[in-house]
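Single-structure report; data block below.
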Amino acid sequence: MSLYSIPFQTNLLKPEASVGNSVKSNADNFSALHRDQKGKVQNPTGSITEFLKTELIPSKLEPFRKHIWAIGGKHAAVPLNYQIAFGREIIAWEDINLHLVWNGSGKIFIKPLPRFLLDSKVWREQLNSPNPYNPSPTAGNTRQMAQTPPSQGNAGTGQSQSSSSSPEADYLRSCALGFLYTYICLITHESDFAIAKEKKLLPLRNPREGTEIDWDDWKRFSREVLSQHSHNNTHWRFQRGELRLSRLNFFSRFTQFPLFTSYVRGWRGYGSLVRDNVT
């Protein structure tokens with residue numbers, strides 16, 4: 001894959017609409033608001049880089065990289081119809097740190113596919129890194145990348161960073177490529193496609209008109225992404241499929257400070273607490 005390339009050609013979204021003499025901004029495909037790493041509610045256009053980092057970088061998983069072999073198998077994500085057959089309830093959760101994490105209560109959390117990842121303009125301007133991703137940085141370095149403030153030149157402008165290379169840009173693109181790859185693995189059959197629409201995992205083609213993405217378009221899109229896919233340019237988390245919450249909680253309790261802090265906290269009863277920490 002060319003390092004500058006967009007990983008697909010098929011446009012799953014509505015054609016870019018003109019407003020007067022200008023083309024609508026790619027920010028129209030961003031969420032209404034977002035929470036930054038400190039939990040403060042922000043406008044995505046205030047800092048597009050910061051927005052993309054919170055949407056795409058699984059920074060909470062970085063401390064567990066050396067234990068990942070025990071948390072999830074090194075295989076592609078299992079299609080949605082298999083997830084249903086396994087008895088798992090699909091829960092849409094807008095947190096990249098919980099994407100494809102399953103618990104002992106029979107739930108699997110899946111982050112819905114953001115509209116902006118289907119926008120070629122976003123790939124050209126914000127996810128277009130000229131350098132290959134190094135898949136073997138230290139955990140400390142990757143945590144620093146995930147927490148590095150966006151460059152001042154991009155804040156609030158929406159301008160491209162592709163003209164200059166940085167480890168942060170390479171890292172962000174590797175997360176975007178990896179996350180997109182999980183979706184073509186999750187939706188491989190028409191039955192998967194129907195499940196994804198039912199669970200609101202896919203964006204509408206045209207929200208104003210309520211039209212949906214077409215199955216034939218999705219097939220073309222998936223084959224294009226697969227033809228461009230390379231593990232060498234993909235973040236290490238997305239080289240694995242489903243992750244087990246009980247094991248994430250186990251390693252979190254004994255490796256993070258303060259001790260005995262779970263990866264995810266908050267249970268309705270003792271039964272779910274035991275299942276998510278022991279099973």
Side-chain angles (χ1 to χ4, degrees), residues 1 6-13 55-56 58 61 68-119 123 174-205 211-248 264 275-276 279:
M1 176 174 63
I6 300 167
F8 55 86
Q9 291 79 46
T10 299
N11 181 14
L12 295 180
L13 305 179
E55 283 286 305
L56 298 174
L61 281 171
I68 197 68
W69 61 271
I71 298 171
K74 195 168 187 179
H75 58 75
V78 175
L80 293 176
N81 76 89
Y82 281 65
Q83 305 287 355
I84 299 294
F86 292 160
R88 294 174 181 165
E89 179 186 0
I90 297 170
I91 305 294
W93 196 338
E94 296 278 5
D95 186 348
I96 192 66
N97 297 290
L98 287 170
H99 182 59
L100 294 178
V101 172
W102 64 277
N103 66 13
S105 302
K107 295 182 173 66
I108 182 165
F109 309 112
I110 300 179
K111 178 177 172 60
L113 183 61
R115 288 184 62 80
F116 67 78
L117 272 190
L118 304 180
D119 186 343
W123 285 91
S174 77
C175 293
L177 289 170
F179 179 65
L180 194 62
Y181 175 69
T182 67
Y183 257 89
I184 67 169
C185 297
L186 287 169
I187 306 174
T188 58
H189 299 86
E190 193 166 2
S191 59
D192 302 318
F193 187 70
I195 294 168
K197 290 196 295 183
E198 176 189 350
K199 298 297 181 179
K200 310 298 183 185
L201 298 179
L202 293 176
L204 291 173
R205 179 178 179 85
T211 54
E212 297 181 333
I213 294 172
D214 180 78
W215 167 239
D216 287 333
D217 287 342
W218 179 264
K219 286 192 294 185
R220 286 192 292 272
F221 174 85
S222 297
R223 293 164 184 170
E224 290 163 1
V225 172
L226 181 62
S227 70
Q228 298 291 311
H229 176 69
S230 169
H231 282 310
N232 294 331
N233 296 329
T234 303
H235 185 277
W236 59 268
R237 185 274 170 263
F238 301 109
Q239 296 177 21
R240 295 177 182 268
E242 300 76 17
L243 304 181
R244 195 166 181 169
L245 180 56
S246 61
R247 296 184 182 178
L248 278 169
V264 174
R275 284 192 297 269
D276 290 348
T279 58

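Positions are given from 1, in the same order as the sequence printed here.
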Under the ring-ring contact (aromatic ring centres under 6.0 Å, His included) rule, collect the residues that match up with Phe221, sequence neighbours excluded. Phe8, Trp218

Kindly write out the residues that satisfy ring-ring contact (aromatic ring centres under 6.0 Å, His included) with Phe179, not counting sequence neighbours, or none if the list is empty.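 Testing Phe179 for ring-ring contact (aromatic ring centres under 6.0 Å, His included), a comparison that skips the adjacent residues, returns His99, Tyr183.
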
Sequence neighbours left out, what passes side chain to side chain contact (heavy atoms under 4.5 Å, CB included) with Ala76? Give chain and number order.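 Counting only residues at least two positions away or on another chain, Ala76 forms a side chain to side chain contact (heavy atoms under 4.5 Å, CB included) with Tyr181, Cys185.
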
For Arg223, which residues count as a side chain to side chain contact (heavy atoms under 4.5 Å, CB included) partner, sequence neighbours excluded?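 So Arg223 forms a side chain to side chain contact (heavy atoms under 4.5 Å, CB included) with Lys219.
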
Ignoring hydrogens and angles, write down the donor-acceptor pairs under 3.5 Å from the side chains of residues 82-91, residues two or more places apart or on other chains.
unit_1, atom_1, unit_2, atom_2, d
Gln83, OE1, Arg88, NH1, 2.8
Gln83, NE2, Val78, O, 3.2
Gln83, NE2, Glu242, OE2, 2.8

Does Arg237 reach the main-chain N or O of Pro58 with its side chain, forming a donor-acceptor pair under 3.5 Å? no

Donor-acceptor contact present, side-chain Ser105 to main-chain Lys107, <3.5 Å: no

Give, for atom [atom1] of [X] and atom [atom2] of [Y], the distance between the pair rounded to the nearest 0.5 Å.
X: Ile6; Y: Asp119; atom1: CD1; atom2: CG; value: 9.0 Å
X: Leu201; Y: Ile195; atom1: CG; atom2: CD1; value: 9.5 Å
X: Leu186; Y: Leu202; atom1: CG; atom2: CG; value: 10.0 Å
X: Leu248; Y: Asn103; atom1: CG; atom2: CG; value: 11.5 Å
X: Ser191; Y: Leu80; atom1: OG; atom2: CG; value: 8.5 Å

Could you give all pairs that pass the salt bridge (charged side-chain N to carboxylate O under 4.0 Å, His left out) test and reach residues 194-204, with sequence neighbours left out?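 For residues 194-204: Lys197-Glu212.
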
I'd like to check [X] versus [Y] (side-chain heavy atoms, cut-off strictly below 4.5 Å). Are they in contact?
X: Leu180; Y: Trp123; result: yes
X: His235; Y: Leu177; result: no
X: Val101; Y: Val264; result: no
X: Trp102; Y: Leu245; result: no

N/O donor to acceptor pairs below 3.5 angstrom from side-chain atoms of residues 110-118, sequence neighbours left out:
unit_1, atom_1, unit_2, atom_2, d
Lys111, NZ, Glu55, OE1, 3.0
Lys111, NZ, Glu94, OE1, 3.1
Arg115, NE, Asn29, OD1, 3.1
Arg115, NH1, Leu204, O, 2.3
Arg115, NH2, Asn29, OD1, 3.3

Run the side chain to side chain donor-acceptor pair (under 3.5 Å) test against [X] and tell me which residues pass, sequence neighbours left out.
X: Arg240; value: none
X: Glu224; value: Thr10
X: Asp217; value: Arg220
X: Asp192; value: Asn81, Thr188, His189

Where Ile213 and Arg205 come nearest, the two heavy atoms and their spacing: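 Where Ile213 meets Arg205 most closely, the heavy atoms are N-CB, 3.9 Å.
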
Closest approach of Leu100 to Ala77 (non-hydrogen atoms, all atoms of both residues): CD1-CB, 3.7 Å

Between Asn97 and Phe109, is the side-chain contact (heavy atoms from CB on, under 4.5 Å) condition met? List the steps. CA-CA 10 Å; Asn97 297 290; Phe109 309 112; over 6 Å; no

